Each structure stands twice: as structure tokens, then as C-alpha cells.
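The first residue in the sequence is number 1, and the count goes up from there. Computed from a predicted model, the values in this text were never measured in an experiment.
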Amino acid sequence: MTRPVLLIDGLNVFMRHFVVNPTLNESGLHVGGVVGFLNSIKFLSNRVGPSRIIVAWEGGGSSRRRAIFKEYKQGRRPQKLNRYYQDDLPDTVENRDNQISLIISLLRNTAVEQVYVDDCEADDIIGYMSKYRFSESRVVIASSDKDMYQLLDNKTIQWSPGQKKFITKNDVKEKFGISSTNFCTARCFVGDPSDGLPGVPRVGFASLSKRFPQLYEEDFVSVAQIIKSAKNEVEKSDLQVYTNIVENQAISKRNWRLMFLDIKNLSESQIRKIENVLSDENKTLNKMALVKQLSKEGIKNFDVDSFYSSVSSNLRSTRQ
């Protein structure tokens, strides 16, 4: 069996460790995001045994989505660090950005590949790689983002750092009563508060799975088909769920344009940049530079040897 490709949602995985990992460097600065992120790569490398490890970073968000809905991902609450240091906290925004920059710099000395595209979300990069670039490969996506559930199939699973478990398409169907194939369709009606996207009033996964059992099946069901079914039921039933879906159909149609991960959200130049990065054979591996940089940053309690040996097996001898 061929080894899978490991796709990491960079900011998503980093923030998990940034918030909960209390590690400090020798100067007393918080470096938990860095240490936790690197340990997460080591853990997944050992657990999954991937042929490639690719980190997708946010590229400033998607102007296309903001043009569709200006409130998209606006007004998110700032992350609070869970470090048990009472009120003696540094500037978390500056500290966060510095840690992300450090991770990017450190990984340049390893076999881990990194993709960053201006005006592009990591979700879209991962969606493109999963559905197109590595469509014939087994794929493991590392992210706690439910947006990725729509990508799960017989060859693609997801590792959730928050739940600390692998999620398959069968897990999605069991938990939500909706197949991964139709998960995005369902979310268009439910909405996504974390991204500032309202859904249809009083419509949730439970009501959708009960009233529209076709969403449970593997065959794709579109937003338009659900709206059509709701219109037919309005004439026969006084249940509010059908009326709400019909009266708020503009919301679900808009959400589809924002939530669906596919090539339509990427420009030709963005796709070309992703492909150029993935096709670049000139990867410089420099363990000594990694050791020196960690030492310079005062990060001492990190096992560089075990990290490097874990990811070294992912050299491009198995490039696709």
C-alpha cells in the first residue's frame, strides 16, 4: 500500500498549540505554538508514515469570498492563551506572529514542504491538493476545521488535533446523519458562526437529516435540490423548517459559494503557484541550521534528533 500524503492546515494546527501549550524559552517568552506544532508533525509522521508532508498557510484570506459577503470571517474573537500565568501575559498578537514566522523559517531546513499563496485560504489550497493534485493518493488532512469534512472519502481521512483522533467519512455520517459528500450542502443551511456565516433560522443538522434523508446517501445532493424538496413539502406540511428554507434560500445559495472547496475559488495564477511549489525539487535539508536556530531562540527542551529522524523518511524519493 502506498504511503499517504499528509496535508497540514498550518494556522489551524498552530493555534491549537499556541493556546494550550505553556512552553517558554530561556528568556521567558512563550514558544508553545512552535514546540507543539513541531511535535505534532513528528507525531503524525510516526503515526501516518507519509510520503510527503505539506503545510498550507493562510495567504491573507480570500478577497473573492469577502466580495460575496463582506462580513465573512469578520469580528472573530481574539485567542486567549491558557498558560496559567495570571495577568503577566505578553502581547499575544505579536507573539503569535513571531512564532508562526519562526516555524516557517525552521521548516525550511527540513523535508517538510510549505505552500503560501497570496489572497488564498489554506482551506482552498488543501481542497485543491486533495481533490486534484493528489486525487489518486491516500491523503491525511491535519485540521480541526469541519470545512474539511466535505473532502473525506475512501482515500481521505482527517486528523483532528482538538479531538485527538482520526475522522473518516463514516464518522461524519454517524455523528451528523449526513454523508461527507453532502456535508457542505447541509452546512449551507446550518451556517458557520466561526466564519461569521449565518444559516437558515432554526435549521440544524438534526432537522436536515430527519427531513431530508437523501443527505445521508453517497450520491451528491445540491442546495437547489433541497430547496426544491422543501417547496414541495410546504404545500403538504406546516413544519417551519420547510418554510424557513424556502424563504431564506438566498442565504443557503450564498453560503455554497463561500463554503464549497473546489478549483473555482482559485485563479489560474494561484493554481500555478501551488503547482510550482509542489514540483520544486530543490529542497535544502540542513539539520545543523535547525539546531542552531532553535538554540538561538532559546528553545532547549525540544528533541531535534527524534524530530528530524521522524520526517527524514519523507524525502522526495517517493514524489508523485
Side-chain angles (χ1 to χ4, degrees), residues 9 12 16 65 68-69 71-77 121 123 126-127 130-131 141-154 156-262:
D9 184 351
N12 182 280
R16 168 71 185 174
R65 286 187 172 89
I68 295 172
F69 187 57
E71 287 82 11
Y72 177 70
K73 289 190 176 181
Q74 296 295 315
R76 284 187 167 186
R77 292 184 178 182
E121 296 187 19
D123 294 8
I126 292 174
S130 175
K131 296 175 73 171
I141 299 170
S143 176
S144 58
D145 194 341
K146 290 185 178 63
D147 286 339
M148 306 296 182
Y149 287 1
Q150 62 182 283
L151 302 174
L152 305 186
D153 55 27
N154 290 333
T156 304
I157 64 174
Q158 182 172 338
W159 167 259
S160 172
Q163 299 180 57
K164 292 184 173 60
K165 71 173 188 176
F166 289 101
I167 298 170
T168 68
K169 69 171 192 175
N170 293 331
D171 293 322
V172 173
K173 180 177 283 190
E174 181 178 346
K175 180 175 181 179
F176 297 97
I178 293 168
S179 69
S180 59
T181 304
N182 294 312
F183 192 76
C184 185
T185 297
R187 290 196 88 199
C188 291
F189 295 94
V190 175
D192 184 0
S194 66
D195 284 346
L197 296 180
V200 174
R202 303 183 70 179
V203 173
F205 288 111
S207 58
L208 284 173
S209 63
K210 182 177 181 179
R211 303 303 173 186
F212 303 96
Q214 60 266 44
L215 290 171
Y216 183 82
E217 305 303 325
E218 297 298 322
D219 292 335
F220 173 70
V221 180
S222 69
V223 168
Q225 288 174 304
I226 295 299
I227 294 172
K228 182 178 179 180
S229 295
K231 287 180 179 178
N232 293 335
E233 293 298 331
V234 165
E235 301 174 359
K236 301 179 292 182
S237 170
D238 60 356
L239 288 175
Q240 193 65 37
V241 62
Y242 300 125
T243 302
N244 287 354
I245 286 175
V246 173
E247 292 181 350
N248 295 276
Q249 57 185 282
I251 291 177
S252 55
K253 291 177 180 179
R254 178 205 64 202
N255 285 350
W256 176 260
R257 298 171 64 195
L258 296 167
M259 292 180 171
F260 185 53
L261 300 179
D262 198 69

Could you give the side-chain donor-acceptor pairs of residues 157-164 under 3.5 Å, partners two or more places apart or in another chain?
| residue | atom | partner | partner atom | Å |
| --- | --- | --- | --- | --- |
| Gln158 | NE2 | Ser143 | O | 2.6 |
| Gln158 | NE2 | Asp145 | O | 3.2 |
| Ser160 | OG | Gln163 | N | 3.2 |

For Asp153, the side chain to side chain contact (heavy atoms under 4.5 Å, CB included) test, sequence neighbours excluded, returns Lys155, Thr156

Suppose we screen for ring pair (Phe, Tyr, Trp, His ring centres under 6.0 Å). Which residues come up paired with Tyr242, at least two apart in sequence or across chains? Phe212

With sequence neighbours left out, what residues match Lys253 under side chain to side chain contact (heavy atoms under 4.5 Å, CB included)? Val223, Ile227, Gln249

Side chain to side chain contact (heavy atoms under 4.5 Å, CB included) partners for Pro213, two or more places apart: none

Quick check: closest heavy atoms across Leu208 and Ala186, and the distance to 0.1 Å? CD1-O, 3.5 Å

Considering only heavy atoms from C-beta outward, does the side chain of Lys169 approach that of Thr181 to under 4.5 Å? no

Just grab all the salt bridge (Lys or Arg N to Asp or Glu O under 4.0 Å) pairs involving residues 172-183, residues at least two apart or on different chains. Lys173-Glu218

Quick check: do Ile226 and Val221 have side-chain heavy atoms less than 4.5 Å from each other? yes

Parallel, tilted or perpendicular for Trp256 and Phe220, by the 30°/60° rule? tilted

Identify, with sequence neighbours excluded, every residue that meets ring pair (Phe, Tyr, Trp, His ring centres under 6.0 Å) alongside Phe189. none

Could you pull out the closest heavy-atom pair between Gly177 and Ser209, with the gap in Å? O-CB, 3.5 Å

Quick one: list whatever passes side chain to side chain contact (heavy atoms under 4.5 Å, CB included) with Thr243, sequence neighbours left out. Val234, Gln240, Glu247

Are Asn255 and Ser252 linked by a side-chain donor-acceptor pair shorter than 3.5 Å? no

Between Gln150 and Leu261, is there a side-chain heavy-atom distance shorter than 4.5 Å? yes

Tell me every residue that passes side chain to side chain donor-acceptor pair (under 3.5 Å) with Ser179, counting only those two or more places apart in sequence or in another chain. Asn182

Please say whether more than 12 non-hydrogen atoms of neighbouring residues, nucleotides or ligands are located less than 6.0 Å from OH in Tyr216. no

Scan for salt bridge (Lys or Arg N to Asp or Glu O under 4.0 Å) pairs involving residues 182-192, sequence neighbours excluded, and state none if there are none. Asp147-Arg187, Arg187-Asp192

Are any non-hydrogen side-chain atoms of Ser130 and Met148 less than 4.5 angstrom apart? no

So which pairs with a foot in residues 201-217 pass salt bridge (Lys or Arg N to Asp or Glu O under 4.0 Å), sequence neighbours left out? none

For Asp262, all residues meeting salt bridge (charged side-chain N to carboxylate O under 4.0 Å, His left out), sequence neighbours excluded: Lys131

